[in-house]
Chemist: 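First the structure, then my questions, so here it is.
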Number of protein chains: 2
Amino acid sequence: MALPPSTKPLRADTERTVRAILEAAERVLSANPAATMEQVAEAAGVARTTVHRRFASREALIGALSAWAAQRFHEAVEAARPETTPPDVALYQVTANVLRVKIGWGFAMGALPTDAPEVASVHADVLARCERLFARLRDTGVLPPDADLDWARRVYYALIHEAATQAPDTDAAMDALATRVVDTLLRGIGTRTTT
Amino acid sequence: MALPPSTKPLRADTERTVRAILEAAERVLSANPAATMEQVAEAAGVARTTVHRRFASREALIGALSAWAAQRFHEAVEAARPETTPPDVALYQVTANVLRVKIGWGFAMGALPTDAPEVASVHADVLARCERLFARLRDTGVLPPDADLDWARRVYYALIHEAATQAPDTDAAMDALATRVVDTLLRGIGTRTTT
DNA sequence: ATAACTTGCAACATCAATGACGCATGTTCT
DNA sequence: AGAACATGCGTCATTGATGTTGCAAGTTAT
């Protein structure tokens, strides 16, 4: 049972269990990617056999976890409407939204390269949107005309990844973190006066 | 035999084998951290039992691998003389040297948190040097007086990590990469004219 | 209430990775 | 050349993770 997205409406019971397992898997696996199913089960507060009843194999569990996180990820990017908002606003919004997801679902999102077509397509879609956003940033003059957009995007990803290692408690801190990422991306950490 | 650094001078034979295993381990494990000893052995062109003869356990192998890489890492930083060179020069030199090591020993360096005291002390030492270097950069005016040095250092690490995913073939490309890292760190990727 | 479903528990089967030997066949060193 | 050592190969033991099944007890939905 690899849980094909829409089998049948799950019983309230089951839904709770599945979520508990996914959340536990995220926590446990992010701490130790080689953790066993038993550790996940224990963290979820269920028996090991229950995990196996919901997810046929370890592979299936990780697949479902990736799919779940990919869904959230996609929503986070969607919600920022990066195609229609002014690019600098979009950059900030996307950053803030993605950070929110990435904190707490860090393992599921990028830990290991997922081959599930569903997840891959989400990542590809987000990648394309990101590239378009950066192109718009360049055309708007936020980035120089000769900017290496691929490098820019990779630096952006890396900064988000780095920022996500801190888990701010308040919403204000979250916003401050997003601001810092955008700021560092665009202006670096050096003194502006020089050169 | 966890290969305590200086047991006795190894036979020419053995030395070659050990190196082959370490190099193979780096390649195989960076592709798949959960790879088996057999895959490592195969990649090294030796029998699985030979790997076990040289490294008592999987743990020991990874430990030795980390120690080996830590050694190179330390040398790379040392060679830049970051305490005595002008800080901006040192920043560039350290970047270039570390990149050289990190490309090709990426797994062994940061993949998983090593608890070996030897490795930890190297990382701690490098961390301290890095902090001092950044403090000097701030005092020299390269970084603003109110710069968050911890964030700066983390961004620096992240950029190096990102840059190391490209493996330039020529020495010139290596230097260009280091330049790009330093440049992005200090100035970001945005247009300089604005704000 | 009751049928359908889920869970925990315990037991079992499997399987792959790890690690250890002994021995015949090379290599290395002196 | 000859002693000392390393390697490949086959073999075996162990262990831990994975996955399955049956059943009694508890939930959910209608």
Side-chain angles (χ1 to χ4, degrees), chain A residues 1-4 6-66 107 111-112 115-116, chain B residues 1-4 6-66 107 111-112 115-116:
Chain A
M1 296 187 189
L3 282 196
S6 37
T7 322
K8 280 204 171 182
L10 295 170
R11 221 170 81 168
D13 213 359
T14 312
E15 178 113 14
R16 243 176 299 148
T17 304
V18 170
R19 287 183 68 109
I21 294 175
L22 286 178
E23 285 168 12
E26 164 62 34
R27 261 175 297 148
V28 172
L29 291 177
S30 70
N32 168 24
T36 72
M37 301 292 263
E38 184 141 31
Q39 290 174 272
V40 172
E42 187 184 356
V46 300
R48 188 176 65 88
T49 50
T50 299
V51 177
H52 276 108
R53 250 192 292 264
R54 294 292 149 218
F55 306 95
S57 65
R58 178 198 185 76
E59 202 180 23
L61 170 60
I62 295 186
L65 187 57
S66 295
F107 169 80
L112 61 172
D115 44 340
Chain B
M1 297 187 189
L3 282 193
S6 35
T7 321
K8 280 205 171 182
L10 295 170
R11 220 171 80 170
D13 213 357
T14 311
E15 178 114 15
R16 243 176 300 149
T17 303
V18 169
R19 287 183 69 108
I21 293 175
L22 286 177
E23 284 168 12
E26 165 61 35
R27 262 175 296 148
V28 172
L29 291 177
S30 70
N32 168 24
T36 71
M37 301 291 266
E38 184 141 32
Q39 290 173 275
V40 172
E42 187 185 355
V46 300
R48 189 177 64 88
T49 49
T50 299
V51 176
H52 276 107
R53 251 191 291 263
R54 293 292 148 220
F55 306 94
S57 67
R58 177 196 185 76
E59 203 180 22
L61 170 59
I62 295 186
L65 187 57
S66 295
F107 169 80
L112 62 172
D115 45 338

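These numbers come from the heavy atoms of this one structure, side chains and all, not from hydrogens, waters or symmetry mates.
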Chemist: Go through the steps for A:F55 and A:V18 under the test side-chain contact (heavy atoms from CB on, under 4.5 Å), then give the verdict.
Modeler: CA-CA 9 Å; A:F55 306 95; A:V18 170; 4.0 Å; yes
Chemist: Which atom pair, heavy atoms only, marks the closest approach of B:I21 to B:L61?
Modeler: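 Between these two residues, the closest heavy atoms are CG2-CD1, 4.0 Å.
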Chemist: Return the value, rounded to whole Å, for the distance between atom CD of A:E42 and atom P of C:dC9.
Modeler: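 Distance check: A:E42 CD to C:dC9 P gives 12 Å.
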Chemist: Could you give the angle between the helix axes at the two ends of the helix from C:dA1-D:dT30 to C:dT30-D:dA1, with five pairs per end, rounded to 10 degrees?
Modeler: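 Between the first-five-pair axis and the last-five-pair axis there is 50°.
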Chemist: What integer distance in Å separates A:E15:CD from C:dT7:C1'?
Modeler: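 Distance, rounded to whole Å: 17 Å.
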Chemist: Kindly say whether A:A20 contributes a backbone atom to a donor-acceptor pair with the side chain of A:E23 at under 3.5 angstrom?
Modeler: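 Side chain of A:E23 to backbone of A:A20: no pair is present.
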Chemist: Which donor-acceptor pairs under 3.5 Å do the side chains of residues 41-50 of chain B make with protein atoms, sequence neighbours left out?
Modeler:
none

Chemist: Near DNA chain D, counting only heavy atoms under 4.0 Å, which residues of residues 34-41 of chain A show up?
Modeler: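 Of all residues in residues 34-41 of chain A, the ones placing a heavy atom under 4.0 Å from DNA chain D are A:T36, A:M37.
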Chemist: Chain B on DNA chain D: first and last contacting nucleotide, 5' to 3', under 4.0 Å to a heavy atom?
Modeler: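 Result: D:dA4 to D:dG10.
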Chemist: Need one value for A:T49: base, sugar-phosphate or nothing, where a base atom within 4.0 Å counts as base even if backbone is also close, heavy atoms only.
Modeler: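 It contacts base atoms.
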Chemist: Closest heavy-atom contact between A:A60 and A:A56?
Modeler: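 The answer is CB-N, 4.1 Å.
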Chemist: Would you say A:T50 reaches C:dG8's phosphate, i.e. side-chain N/O to OP1/OP2 under 4.0 Å?
Modeler: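 For C:dG8, OP1/OP2 do have a side-chain N/O of A:T50 under 4.0 Å.
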Chemist: Kindly give the atom pairs (protein nitrogen or oxygen, nucleotide nitrogen or oxygen) under 3.5 Å for nucleotides 27-30 of chain C.
Modeler:
unit_1, atom_1, unit_2, atom_2, d
C:dT27, O2, B:R11, NH2, 3.0
C:dT28, OP1, B:R16, NH2, 2.7
C:dT28, O4', B:R11, NE, 3.4
C:dT28, O4', B:R11, NH2, 3.3
C:dC29, OP1, B:A12, N, 3.0

Chemist: Only pairs at least two apart or in different chains count here, so list each side-chain hydrogen bond (donor to acceptor under 3.5 Å, both in side chains) that has a residue in residues 13-22 of chain A.
Modeler: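 Every pair satisfying side-chain hydrogen bond (donor to acceptor under 3.5 Å, both in side chains) with a residue in residues 13-22 of chain A: A:R11-A:D13.
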Chemist: Output a table of donor-acceptor pairs, distance under 3.5 Å, between side-chain atoms of residues 24-31 of chain A and any protein atom two or more places apart or on a different chain; print 'none' if there are none.
Modeler:
unit_1, atom_1, unit_2, atom_2, d
A:E26, OE1, A:A108, N, 3.0
A:E26, OE2, A:G106, N, 3.3
A:E26, OE2, A:F107, N, 3.1
A:S30, OG, A:E26, O, 3.0
A:S30, OG, A:R27, O, 3.0

Chemist: Need to verify one output field. Residue with the more 5' nearest nucleotide on DNA chain D, A:S57 or B:A47?
Modeler: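 Nearer the 5' end of the strand: B:A47.
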Chemist: Does B:R48 make a side-chain donor-acceptor contact with the base of C:dG19, cut-off 3.5 Å?
Modeler: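 Such a pair exists between side chain and base.
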Chemist: Between atom CZ in A:R53 and atom P in C:dG8, what is the gap in whole Å?
Modeler: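 Interatomic distance, CZ of A:R53 to P of C:dG8: 8 Å.
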Chemist: Starting from C1' on C:dA17, measure out to CZ on B:F55 and report it in whole angstrom.
Modeler: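 So the CZ-C1' distance, B:F55 to C:dA17, works out to 18 Å.
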